[in-house]
Amino acid sequence: MAFASLLEHVGGMGRFQVASVLLLSLPVFMMASHNLLQNFTAATSDHHCRLRWEANATGLDPQDLLRVSIPRGERCRRFVSPQWWLLEANGSAPNSSWPETEPCHDGWTYDRSVFTSTIVTEWDLVCSSRGLKQLAQSLYMAGVLVGGIVFGGLSDRFGRRSLLIWCYFQMGTMGTCCSFSPTFTVYCLFRFLTGMAFSGIVLNSVSLSLEWMPTRTRALAGTFMGYCYTTGQFLLAGIAYAVPDWRWLQLTVSLPFFCFFLYSWWLTESARWLVMVGKSQQALKELQKVARINGKKEEGDKLDIEALRSYMQKEMASSGSHHTVVDLVRTPVVRRISCCLCFVWFSTSFAYYGLAMDLQNFDFNIYVIQLIFGAVDIPAKLVSILTITYVGRRFTQSVALILAGLAILANTLVPRDLRILRTALAVFGKGCLAASFNCVFLYTGELYPTVIRQTGMGLANTMSRLGSITAPLVKIAGEVFPTLPFIIYGVAPVVSGLVAIFLPETRDKALPETVDEVEGRTQPQKDEAQDLQIPLQPAQPRDTTGSC
C-alpha cells in the first residue's frame with residue numbers, strides 16, 4: 001500500500017479529507033429521495049369511474065348518485081344505466097341477472113385528500129393501465145444499471161471529478177424536466193436519464209472519497225455516507241408530506257443538485273487516478289494542495305515526480321496487467337465466489353426494493369411507514385457492523401438474508417386486518433436486508449483479489465440493478481395471486497442466504513492481490529497491517545528516466 005503511505009505523508013485524515021467527505025455526503029441525503037420517490041409521486045388513491053350525470057342535474061345526493069351508478073367496491077367498471085332500485089331500503093335486483101356494467105370510458109374520479117396529484121391521477125395509471133406504474137420504476141432502475149456501466153467506464157477514462165460534476169448537473173436537469181413532463185412516455189425517458197445520473201453520482205462519490213482516504217478510515221467514511229442515505233429516507237417523508245403535488249415534489253428534490261453542481265468544482269481529482277493515466281505532474285500539484293490544506297506544506301514541498309513514482313511503483317506495476325470479466329469464472333474458487341455473490345446481490349436488491357417500493361400495501365399512514373422504514377436501517381447497520389467485526393462476514397451475510405426471507409414469507413400468512421403485525425414483520429425484514437447490503441459491499445471487496453476487484457464489483461453492481469429492475473415487475477403477478485409477489489420476495493433471500501454459506505470467510509485476513517492467492521496456490525506476501533508500517537520516506541526509484 002504505497003499510496004496509503006503517501007497519504008499519511010501529506011496529512012492522513014486531515015482537514016482536506018474531512019471537508020471532502022462532508023461535501024460528497026451532502027448529495028447522498030437527496031439520493032434516497034430519487035430512489036424511493038415513486039412511493040409518493042406514483043401513489044394510488046381511492047378511485048372510481050367518472051359518472052355520467054352531475055348531482056345537481058339529477059337532484060340526488062352525491063352518495064346516492066354514486067350508489068346507483070357504480071357497483072359497491074368497484075373501481076374499474078360502472079353500470080350501463082342507473083340502477084334506481086338500489087336506493088330502496090330493501091331493494092332487490094329487478095331480474096335474476098346482475099345489471100350490465102361497462103369500463104370507465106370517461107375516466108376516473110380520485111380521492112385527493114392525501115395526494116393532490118400523482119402520475120397515477122395525472123395519466124390514469126389504474127385498472128388496465130396499472131402495470132405502467134411498475135414499468136416506470138423499472139425503467140428508472142434500468143437507467144441506474146446503464147449509468148453504472150456507462151459512467152463507470154467513462155470515469156476511468158476522464159476522471160472521477162469530471163464525471164461527478166456532470167452527473168450532478170444531469171441529475172438536476174433531468175429531475176427538473178421530469179416535473180414538467182407533458183406525457184407519461186416523456187416522464188419515463190427523463191426518469192431513465194435521472195437513474196443514469198444517480199448511478200454515476202454513487203460510483204464516483206465513493207471512488208473519490210475512498211481514494212483520498214487513509215486505509216484505517218475507509219470503513220468509517222463508507223459507514224458515514226451510508227448513514228447519510230438512511231437519514232435521507234427521513235428527509236423524503238418530511239418533504240413528501242409538505243409537498244403533496246407530484247410535480248412540485250419532483251422539482252423540490254431535484255433543484256438542490258444544481259447547488260451540488262456549483263460547489264463540486266472545488267473537489268479535487270483523485271491523485272491515484274492521475275498517476276495511473278500518466279498525469280504525474282497534475283497529481284503532484286493535487287497532493288501538494290492537500291498537504292497545504294492539512295497543514296503539511298513542508299512535507300508536500302518535498303515531493304517531486306521521482307518521489308511520486310517511487311511511492312506508486314506497486315500501483316503502476318499492477319496497472320500494466322490486463323484482466324477481463326472472463327477472469328471471474330476462469331478458476332474454480334473465483335468462479336464459486338462469483339456465482340454465490342451474484343445470487344446474494346440480486347436477491348438482496350430484489351427483496352429490498354420489493355418491500356421499500358410497496359408502502360401502500362400495509363394499509364398504514366404512508367409517511368409514518370417511510371419514517372419507520374428509514375429508522376430501522378440505523379440499528380440494523382449497527383448490528384451488522386458488530387457481527388461483521390466480531391463474528392464474521394459469512395455468518396452476517398447468511399443470517400441477515402435468511403431472516404429477511406423468513407420475515408417476508410411469514411407476512412403472507414398474517415391476515416390483512418392485523419396491520420401492526422404485518423408492518424412489524426416487514427420492517428424487520430427490511431432491516432435485515434439493509435444489514436445484508438451493509439455486509440455485502442465490504443465482503444465483495446475482500447473476496448476478490450486486487451487485479452480483478454473492480455471487475456467483480458462491476459458484476460455485483462449489475463446483478464444488484466437487475467434485482468431492482470425485476471422487483472417492481474413481479475408485483476404485476478399479484479393480479480393473478482395477491483400473495484405471489486411476497487412469496488417470491490421471501491424465497492429469493494432464503495435461497496441466497498443458504499448459498500452464502502459456501503463463500504470463504506475473510507475476517508482478519510489480508511486482502512488478496514492475485515487470483516493465485518484466492519485459489520490457495522500462493523500465500524499473501526504481507527499482512528495488511530504490515531503495509532501501514534511502510535516508512536514515509538520514499539525509496540530510491542529504480543528508473544529515473546522512464547515515463548509514468
> Do Met171 and Met30 come within less than 4.5 Å of each other through their side chains, counting heavy atoms only?
Replying inline: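 SC-SC contact between Met171 and Met30 ruled out.
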Please check this pair: side chain of [X] against backbone of [Y], looking for a donor-acceptor N/O pair closer than 3.5 Å.
X: Asn204; Y: Gly200; answer: yes
X: Lys430; Y: Phe373; answer: yes
X: Ser138; Y: Ile469; answer: yes
X: Thr230; Y: Gly374; answer: no
X: Glu505; Y: Gly392; answer: no
X: His34; Y: Val253; answer: yes
X: Ser347; Y: Pro493; answer: no
X: Ser20; Y: Gln17; answer: no
X: Ser162; Y: Gly159; answer: no

Taking the six-membered ring for Trp, are [X] and [Y] parallel (under 30°), tilted (30 to 60°) or perpendicular (over 60°)?
X: Phe437; Y: Tyr352; answer: perpendicular
X: Trp345; Y: Phe441; answer: perpendicular
X: Tyr367; Y: Phe115; answer: tilted
X: Phe261; Y: Phe169; answer: tilted

> Cut-off 3.5 Å, side chains only: do Gln397 and Ser436 have a donor facing an acceptor?
Replying inline: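 Side chains of Gln397 and Ser436: pair found under 3.5 Å.
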> Are side-chain N/O atoms of Asn35 and Tyr353 paired as donor and acceptor at under 3.5 Å?
Replying inline: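 Side-chain D/A pair, Asn35 to Tyr353: present.
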> Do any pairs count as a salt bridge (Lys or Arg N to Asp or Glu O under 4.0 Å) and have a residue in residues 340-357, sequence neighbours left out, and if so which ones?
Replying inline: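 Qualifying pairs, neighbours excluded: none.
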> How would you list all residue pairs meeting salt bridge (Lys or Arg N to Asp or Glu O under 4.0 Å) that involve residues 225-248, not counting sequence neighbours?
Replying inline: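 For residues 225-248, and leaving out neighbouring residues, the salt bridge (Lys or Arg N to Asp or Glu O under 4.0 Å) pairs sorted by first residue read Glu122-Arg247.
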>> Taking side-chain contact (heavy atoms from CB on, under 4.5 Å) as the criterion, tell me which of Leu36, Leu37, Thr41 meets it with Asn39.
In response: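 Considering Leu36, Leu37, Thr41, a side-chain contact (heavy atoms from CB on, under 4.5 Å) with Asn39 is found only for Leu36.
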>> If the test is side-chain contact (heavy atoms from CB on, under 4.5 Å), which one of Leu355, Ile369, Val376 qualifies with Val427?
In response: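 Result: among Leu355, Ile369, Val376, Val376 is the only option passing the side-chain contact (heavy atoms from CB on, under 4.5 Å) with Val427.
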> Does a sphere of radius 6.0 Å around CZ in Phe346 hold more than 12 heavy atoms from other residues, nucleotides or ligands, not counting ones at 6.0 Å or beyond?
Replying inline: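 Yes, enclosed.
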> NZ of Lys289: more than 12 outside heavy atoms within 6.0 angstrom?
Replying inline: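 Count over threshold, so yes.
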> At their closest point, which heavy atom of Tyr448 faces which heavy atom of Ser338, and how far apart are they?
Replying inline: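 Scanning both residues completely, I find the closest heavy atoms to be OH-OG, 2.9 Å.
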> If you look at every heavy atom in Leu236 and Ala32, which pair is closest and at what distance?
Replying inline: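 Minimum heavy-atom separation between Leu236 and Ala32: CD2-O, 4.0 Å.
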>> What I want to find out is whether Glu446 reaches Arg393 closely enough, with some N-O distance under 4.0 Å, to be called a salt bridge.
In response: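 Between Arg393 and Glu446 there is a salt bridge, with a charged N closer than 4.0 Å to a carboxylate O.
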Is it true that [X] and [Y] have ring centroids separated by less than 6.0 Å?
X: Tyr227; Y: Phe224; answer: no
X: Tyr241; Y: Phe40; answer: no
X: Tyr187; Y: Trp246; answer: yes

